[in-house]
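Order of listing sets the numbers, starting from 1, for every ligand and every atom in it.
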Amino acid sequence: MVYLDNSATTKMYEEVYEAMLPFLLREYGNPSSKYYAQANTSKKAVEESRLQLSSLLGTSTDEIIFTSGSTESNNMIIKGVADFYSEKGNHIITSVAEHPSVLETCEFLESKGYRVTYLETDRYGRVDPKSVEQEICQDTILVTIMWGNNELGSLNNIEAISNICLQSGTFFHTDATQVVGKLDFSLEDYPGISFMSCSAHKFHGPKGIGAVYIKKDQYGIPTPITPLLHGGGQEKEIRSGTLAVHNIVGMGKAAKVTEQNLKNNIRRLIENEEYLTGLLNNKFGDAISFNSDIKDKIPGILNVQFKGINNELLLKQLAPYVAASTGSACSSSKPSHVLAAAGYSHEEIRSSIRFSMSSMTTKEELTVFNEL
Ligand code: PMP
């Protein structure tokens, strides 16, 4: 059986599991407590993880806030900016192809009186940076556009969008959940990105832990936002709640292993994507077509249309051999909003499947497609 649902979640690295174990048993101190050894050990471990994650992302350690994952990170930034800057304006720009944790947060804010522009996308779910520029107005307080699309794998032109936001003095948030570990980038090179979300389980860390990057200004002050969670004031008063030390340690370790192997892993993903494309073409020929673009994409994600075949039935039949998904929390009444926005018909969406690899995926595993 080959696991090709890595955009949904990944297998933890062995090293991550090993690093987490002590913090589930012996080292149970609260990092916010003081003086005694277990508290200090936990605090040190949290700060070491913050360093490991900031090194992978190219940020300062004090720009990283741990959260429970990208859903929380996206909610925190969008609601936090909307509330804090409500005097300045009430307009938010996003795209129709965002993850539901962005889209539904925006819809919630609309119900509270904010104005949201949902930018259309091209056939691959990408936003035209010019449309961002056109929509920014005096009232715009936030642009939130994902870096890489979870269903199609397409990359947005984040450099252009972040530059537009920088020049117009508009905050820019990007949901980078799908690109961490699959794209070699450093946030240092993107001064226009004010906020970024990520989740550890998408790069071989544990589930239930993520982070936000909150850019600090030239005086070292983090961009202020209203906290989503009020309480004990952990994480610089931005995200209250006792820190999940074991999960944070796991995320840090996953970031470290990811950084050490990044270039090789990306190369392997590109090779394996080519290999899988060849296998699928040989096996299915004209019976399939590829929804994903061939360039400017996250390596290892292929969205494939099996013409005339119902995707749910196909996934069920494939399940003993291939673990994959339709790419969205798709129910019979709610087909993929991303593919719909990209212009695919109901029929085409209903016959599309996403195969998503990780650096752990091997060519040998992929040959299962020859045996189907
Ligand atoms: N954004 C994107 C692009 C995602 O793919 C996901 C996970 N499917 C999320 C946000 C939410 O992440 P989590 O479930 O870890 O909160």
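- From the protein, the heavy atom lying nearest to atom 3 (C) of ligand 1 is Asp175 OD2, 3.4 Å.
- Against a heavy-atom cut-off of under 4.0 Å, Met146 is close to the following atoms of ligand 1: 3 (C).
- Not a single heavy atom of Gly210 sits less than 4.0 Å from an atom of ligand 1.
- The number of heavy atoms from other shown groups lying within 6.0 Å of NZ (Lys307) is above 12.
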| said: If you apply the rule side chain to side chain contact (heavy atoms under 4.5 Å, CB included), what do you find for Asp62 with Lys216, and how did you get there? | reply: CA-CA 8 Å; Asp62 52 358; Lys216 56 182 183 181; 3.0 Å; yes
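- Taking all heavy atoms of Gln178, Glu98, His99, His201 into account, the minimum distance to atom 9 (C) of ligand 1 is reached by His99.
- Contacts between Glu72 and ligand 1 below 4.0 angstrom, taking non-hydrogen atoms only, are absent altogether.
- The proximity of Lys207 to ligand 1, defined as any non-hydrogen pair under 4.0 Å, does not occur for either the backbone or the side chain.
- Among all protein heavy atoms, the one lying closest to atom 8 (N) of ligand 1 is Lys202 NZ, 2.9 Å.
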| Passes side chain to side chain contact (heavy atoms under 4.5 Å, CB included), Val102 versus Met146? Steps please. | CA-CA 9 Å; Val102 168; Met146 71 202 319; over 6 Å; no
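- Between Arg239 and Glu72 there is a salt bridge, since at least one side-chain N of the basic residue sits less than 4.0 Å from a carboxylate O of the acidic one.
- Ion pairing of Asp139 with Lys88 is absent here, as no side-chain N (NZ or NE/NH1/NH2) approaches a carboxylate O to less than 4.0 Å.
- Using cut-offs of 30° and 60° for the angle between ring planes, the Trp147 and Phe185 rings count as tilted.
- A salt bridge between Arg350 and Glu312 is absent, with no side-chain N of the basic residue lying under 4.0 Å from a carboxylate O of the acidic one.
- Classification of the Tyr13-His204 ring pair by plane angle, with boundaries at 30° and 60°, yields tilted.
- Against a heavy-atom cut-off of under 4.0 Å, Ser101 is close to the following atoms of ligand 1: 10 (C).
- Considering backbone and side-chain atoms alike, Ser199 places an N or O below 3.5 Å from some N or O of ligand 1.
- At a 4.0 Å heavy-atom cut-off, ligand 1 touches Ser70 through backbone and side chain alike.
- The nearest non-hydrogen atom to atom 11 (C) of ligand 1, considering only Thr71, Thr67, Thr9, Val179, comes from Thr71.
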